[in-house]
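As structure tokens, the structure follows; a few thoughts come after it.
By convention in this document, chain letters (A, B, ...) are assigned in the order of the sequence lines, proteins followed by strands, and residues within each chain are numbered from 1.
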Amino acid sequence: MISLILNRIARVVVHIILLFSIFMLFKGHNEPGGGFIAGLMAAVAIVLIYITYDLKTVKKLMPVSYPAMIALGLFFAAGTGLGGVMLGYPFLTQTFDYFHIPLIGEIELATALSFDIGVFLVVVGATLLIISTLGEGSK
Amino acid sequence: MMETLTFIILIIISLSIALCMIRVYKGPTTPDRVIALDTVAVNVLAFITVLSMHLNTEMFFDAVLVIAVIAFVGTIAIAKYLMKGDIIE
């Protein structure tokens, strides 16, 4: 039995929270924000879908294996660090450059962003793995 | 002038949080306590916003959004637990 009010509210709010999470991800490494808090916000948005519907619906909507997501995130984060080693710099050396992208304009892309994406995937995977396991166990 | 005004507003919001905490302590039923805690969260949001006006900085606005999202989802989870006894079906 799905609550009508919660259903209507969640359909709007989930998009806003996910947009805010992406905003935090790309704003990090210069200002407050970054991979951890962005991952936490994305996890909160998906937990809201879990609360509104049930475990089966989310599994059908999002057929992702959470342990694989954690592994992919760790691969990204470690790969960012090892990229510096390959070029002869110390581990986790970072650099940045300015690029011109059509429709958006001049933006700054740093290798810290790739590390942040790794942290994002690890946090989303770990949080959702814990919460979905707890939800299955309570039955 | 502006600093005095924001300082007075901060004191009033602190009093409001204290009153909500009294309701959390006394509240006869659990829904009373949940509503009081949600109101505490809203008051904390207002407090941080006025504090960032007082200190003339923009750094706290992200914290305001994050606390708003987490308080919203937390209140929904507690409400569903009280209604059905199970948060994720």
Side-chain angles (χ1 to χ4, degrees), chain A residues 1-10 12-28 30-34 36-59 123 127-139, chain B residues 3 6 9-10 13 17 20 24 27 29-89:
Chain A
M1 174 70 187
I2 296 166
S3 160
L4 181 66
I5 301 172
L6 187 54
N7 189 0
R8 292 291 125 185
I9 298 262
V12 179
V13 170
V14 162
H15 298 290
I16 299 174
I17 300 177
L18 282 177
L19 196 64
F20 175 58
S21 144
I22 294 169
F23 169 70
M24 286 299 252
L25 176 63
F26 283 95
K27 187 163 95 65
N30 276 339
E31 285 176 56
F36 184 81
I37 192 68
L40 217 54
M41 285 295 105
V44 163
I46 297 167
V47 165
L48 188 58
I49 308 178
Y50 266 123
I51 294 175
T52 312
Y53 301 100
D54 48 5
L55 281 169
K56 269 187 214 156
T57 319
V58 179
K59 201 164 277 179
V123 172
T127 314
L128 291 179
L129 182 62
I130 292 170
I131 287 177
S132 64
T133 312
L134 286 177
E136 275 170 4
S138 71
K139 262 186 210 170
Chain B
E3 288 198 348
T6 47
I9 295 174
L10 287 180
I13 295 176
I17 294 177
C20 288
V24 173
T29 60
T30 315
D32 284 333
R33 294 195 167 99
V34 175
I35 297 280
L37 280 175
D38 194 41
T39 315
V40 167
V42 173
N43 277 315
V44 167
L45 299 183
F47 189 92
I48 298 174
T49 314
V50 177
L51 184 68
S52 62
M53 281 169 73
H54 186 71
L55 299 176
N56 207 359
T57 173
E58 293 176 354
M59 286 291 170
F60 297 147
F61 288 167
D62 301 322
V64 171
L65 284 170
V66 170
I67 295 174
V69 167
I70 290 179
F72 169 69
V73 175
T75 307
I76 285 181
I78 297 174
K80 186 160 181 189
Y81 177 72
L82 290 177
M83 290 264 299
K84 302 199 175 154
D86 195 7
I87 296 177
I88 297 174
E89 287 167 357

> Heavy atoms, side chains only, cut-off 4.5 Å: are B/Ile88 and A/Ile131 in contact?
Replying inline: yes
> If you round to the nearest 0.5 Å, how far is CG of B/Leu65 from CE of A/Met41?
Replying inline: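 A/Met41 CE to B/Leu65 CG: 9.0 Å, rounded to 0.5 Å.
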> From B/Ile76 CD1 over to A/Thr52 OG1, what is the distance, rounded to the nearest 0.5 angstrom?
Replying inline: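 Here the interatomic distance stands at 7.0 Å.
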>> Less than 4.5 Å to any heavy atom of chain B: does that hold for the side chain of A/Tyr50, its backbone, both, or neither?
In response: both
> With only heavy atoms counted, which part of A/Val58 is less than 4.5 Å from chain B, the side chain, the backbone, both or neither?
Replying inline: neither
> If you take all heavy atoms of A/Ile51 and B/Lys80, which pair is closest and at what distance?
Replying inline: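 Taking A/Ile51 first and B/Lys80 second, the nearest heavy atoms are O-NZ, 2.6 Å.
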>> Could you report the tightest heavy-atom contact between B/Phe72 and A/Leu48, atom names first, then the distance?
In response: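 For B/Phe72 and A/Leu48, the tightest heavy-atom pair comes out as CE2-CD2, 4.1 Å.
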> More than 12 non-hydrogen atoms from neighbouring residues, nucleotides or ligands closer than 6.0 Å to CZ on B/Phe61, yes or no?
Replying inline: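 Counting neighbours around CZ of B/Phe61, more than 12 heavy atoms of other residues, nucleotides or ligands fall under 6.0 Å, so yes.
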>> Taking every non-hydrogen pair under 4.5 Å, which of A/Ile9, A/Ile16, A/Leu40, A/Val44 racks up the most with chain B?
In response: A/Val44
